[in-house]
Amino acid sequence: QVQLVESGGGLVQAGGSLRLSCAASERTFNLYSVAWFRQAPGKEREFVTALDWTGGTTDTAESVKGRFTISRDNGKNTVYLQMNSLKPEDTAAYSCAAARMGGASRSTRDYNYWGQGTQVTVSS
């Protein structure tokens with residue numbers, strides 16, 4: 001069972017930056033593809049970005065492309081989400097997800113391990 005723990009959320013002004021972290025308990029986490037999703041109040045969970053286990057393939061939602069970057073440090077079993085030029089519409093609970101699979105999927109159904117989420121609030 002893989003446990004994922006997110007951190008780094010908080011309150012930031014529009015135009016600011018935050019870096020979220022997702023630490024995994026699994027020592028073979030380097031073999032897992034990972035993703036970030038977000039969910040705003042009253043809305044469905046939304047794909048943000050994903051990175052395959054090789055680190056060679058990424059997929060990013062148009063709404064955050066050019067502003068958000070996913071990366072991983074396999075030595076630390078940690079995935080990061082660097083968020084720049086934040087907008088009020090980026091306000092949501094952000095969750096990381098992982099699965100032992102190939103590719104960088106946008107579908108929540110492809111991920112079987114999830115963190116508890118961390119709140120990001122962007123003020124205007």
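The shown structure was predicted, so the numbers you read here are calculated from the model rather than taken from an experiment.
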Are [X] and [Y] close enough that some pair of their side-chain heavy atoms sits under 4.5 Å apart?
{"X": "Cys96", "Y": "Leu4", "result": "yes"}
{"X": "Gln116", "Y": "Glu6", "result": "yes"}
{"X": "Asp90", "Y": "Val120", "result": "no"}
{"X": "Thr108", "Y": "Glu44", "result": "no"}
{"X": "Phe68", "Y": "Arg38", "result": "yes"}
{"X": "Glu46", "Y": "Ser63", "result": "yes"}

List the atom pairs, with distances to 0.1 Å, where a side-chain N or O of residues 11-22 and a protein N or O form a donor-acceptor pair under 3.5 Å, not counting sequence neighbours.
| from | atom 1 | to | atom 2 | distance (Å) |
| --- | --- | --- | --- | --- |
| Ser17 | OG | Asn84 | OD1 | 2.9 |

Gap between atom [atom2] of [Y] and atom [atom1] of [X] - 0.5 Å precision:
{"X": "Asp59", "Y": "Ile70", "atom1": "CG", "atom2": "CD1", "value": "10.0 Å"}
{"X": "Thr57", "Y": "Leu51", "atom1": "OG1", "atom2": "CG", "value": "8.0 Å"}
{"X": "Trp114", "Y": "Arg45", "atom1": "CH2", "atom2": "CZ", "value": "4.5 Å"}

Shortest non-hydrogen separation from [X] to [Y] and the atoms involved:
{"X": "Asn30", "Y": "Arg27", "answer": "OD1-O, 4.0 Å"}
{"X": "Gln39", "Y": "Lys43", "answer": "NE2-O, 3.0 Å"}
{"X": "Ser95", "Y": "Gly117", "answer": "OG-CA, 3.6 Å"}

Tell me whether [X] contacts the main-chain N or O of [Y] through its side chain, where contact means a donor paired with an acceptor under 3.5 Å.
{"X": "Thr91", "Y": "Val122", "answer": "yes"}
{"X": "Ser33", "Y": "Met101", "answer": "yes"}
{"X": "Asn74", "Y": "Asn77", "answer": "no"}
{"X": "Arg106", "Y": "Phe47", "answer": "no"}

Mind jotting down which residue pairs meet the ring-ring contact (aromatic ring centres under 6.0 Å, His included) criterion with at least one end in residues 75-113? Sequence neighbours excluded, please.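 Sorted result for residues 75-113: Phe37-Tyr111.
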
Would you find more than 12 non-hydrogen atoms of other residues, nucleotides or ligands less than 6.0 Å from Lys65 atom NZ?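 Atom NZ in Lys65 is crowded, with more than 12 foreign heavy atoms closer than 6.0 Å.
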
With a cut-off of 6.0 Å (strictly less than), are more than 12 heavy atoms of other residues, nucleotides or ligands near CD of Gln119?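 Check passes, neighbour count above 12.
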
